[in-house]
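Worksheet: one structure, shown below.
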Amino acid sequence: MQENAQEIEETQEPKEENLITFDDLGLSNDVLRAVKAAGFVKPSPIQEQAIPFVIDGRDIVGQAHTGTGKTAAFGLPAINNMKVDGKVEMLVITPTRELASQVSDEIFKYGRNLGAKTVTVYGGSSYKRQLDLIERGASVVVATPGRMLDILKRNMLNNFAPSIVVLDEADEMLDMGFLDDINEIFSFLPKERQTLLFSATMPAPIKTLASRILKEPEFISITKGETTNTDIEQLYYVIDEHERDDAIIRLMDAETT
Ligand code: AMP
């Protein structure tokens, strides 16, 4: 009887498809704990493809929209590879300060177990505070292009040499007229570095930029259907900046009653 039962179990084993878990991607235990704490159960397609390459030190072009899990696709392996030695190891450039804050918060969550600090750098707020936070041992800087270039041109940081540089939503940055700033930012960065470029679309200027700043990149393309969340309804309200907090409170009230 015992033997028969075993035989049945063996023949009914599920097929080896779609069974990749976060444990299979080469991430350290500290990072895997952060993945669990974030509530992620299964890697999204871009994470499955990108994480092993990024851990390996390869450059990447990722054609992916927001909602595909691209922040974790570069954030998790980047944190995984960090020394967390008090120097800036990673620079992420994003088109807007909202995205910069979002990316910074997410990477902070992944690096908490390793003590990796993140700092957000954008225009319209104090240089001093941003620079102090960096000098106090940040591992990750998430910046918008204008302010980052300003800081680099004015030589306001000592020994700024991130070993991994990420351009997030490169096509948005192109549309917003940041291409020249981005090219100039790279003139201040180490030649020996890992570079990752994410963009939803690949217009010619982004392809040219990619060929200039990336070395033998791996190309990863994710279709719109392969998003982490498919049941999100998106709405927007046009309000003044000063109304933002009240509007959020009213929306939360309305949603919970
Ligand atoms: P992104 O495309 O990076 O803007 O991520 C979209 C959302 O998906 C974020 O709220 C992430 O926290 C979430 N997310 C990322 N990876 C996963 C995953 N593997 N499982 C579930 N949610 C995820």
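Whatever order the structure lists ligands and atoms in, that order sets their numbers, starting from 1.
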Requested in this report: Answer yes when Asp132 and Lys128 have at least one side-chain N-carboxylate O distance shorter than 4.0 Å, and no when they do not.
Outcome: yes

**Report entry** Proximity of Gln102 to ligand 1 by residue part, where a heavy atom lies under 4.0 Å
**Finding:** neither

**Report entry** ligand 1 N/O within reach of Gly69 N/O, cut-off under 3.5 Å
**Finding:** yes

Query raised in the report: Just wondering, more than 12 heavy atoms not from Arg154 lying within 6.0 Å of its CZ?
Result: yes

Query raised in the report: Given that the side chain starts at C-beta and the backbone is N, CA, C, O, which of these parts of Phe22 lies under 4.0 Å from ligand 1, counting heavy atoms, or is it both or neither?
Result: side chain

Query raised in the report: Can a salt bridge be assigned to the pair Asp30 and Arg33 using a cut-off of 4.0 Å between side-chain N and carboxylate O?
Result: yes

Query raised in the report: In terms of heavy-atom contacts, does NZ of Lys215 have more than 12 from other residues, nucleotides or ligands at under 6.0 Å?
Result: yes

Report summary line: Min over Gln47, Glu169, Glu48 of heavy-atom distance to atom 16 (N) of ligand 1 lands on Gln47

Query raised in the report: In terms of atom number and element, which parts of ligand 1 are under 4.0 angstrom from non-hydrogen atoms of Lys42?
Result: 18 (C), 19 (N), 20 (N)

Query raised in the report: Near Glu106, which atoms of ligand 1 are under 4.0 Å from a heavy atom of that residue?
Result: 11 (C), 12 (O)

**Report entry** Side-chain heavy-atom pair Leu19, Asp24 within 4.5 angstrom cut-off
**Finding:** no

Requested in this report: List every atom of ligand 1 that sits less than 4.0 Å from any heavy atom of Gly67, numbering the atoms from 1 in the order shown and giving each element.
Outcome: 1 (P), 2 (O), 4 (O), 6 (C)

Query raised in the report: Can you find an N or O of His65 that's nearer than 3.5 Å to an N or O of ligand 1?
Result: no

Query raised in the report: Which of the atoms of ligand 1 are close to Lys70, meaning less than 4.0 Å from one of its heavy atoms?
Result: 1 (P), 2 (O), 3 (O)

Query raised in the report: Looking at side-chain heavy atoms only, is the closest gap between Ser101 and Thr120 below 4.5 Å?
Result: yes

Query raised in the report: Any N or O of Thr66 that comes nearer than 3.5 Å to an N or O of ligand 1?
Result: no

**Report entry** Whether over 12 other heavy atoms sit under 6.0 Å from Lys109 NZ
**Finding:** yes

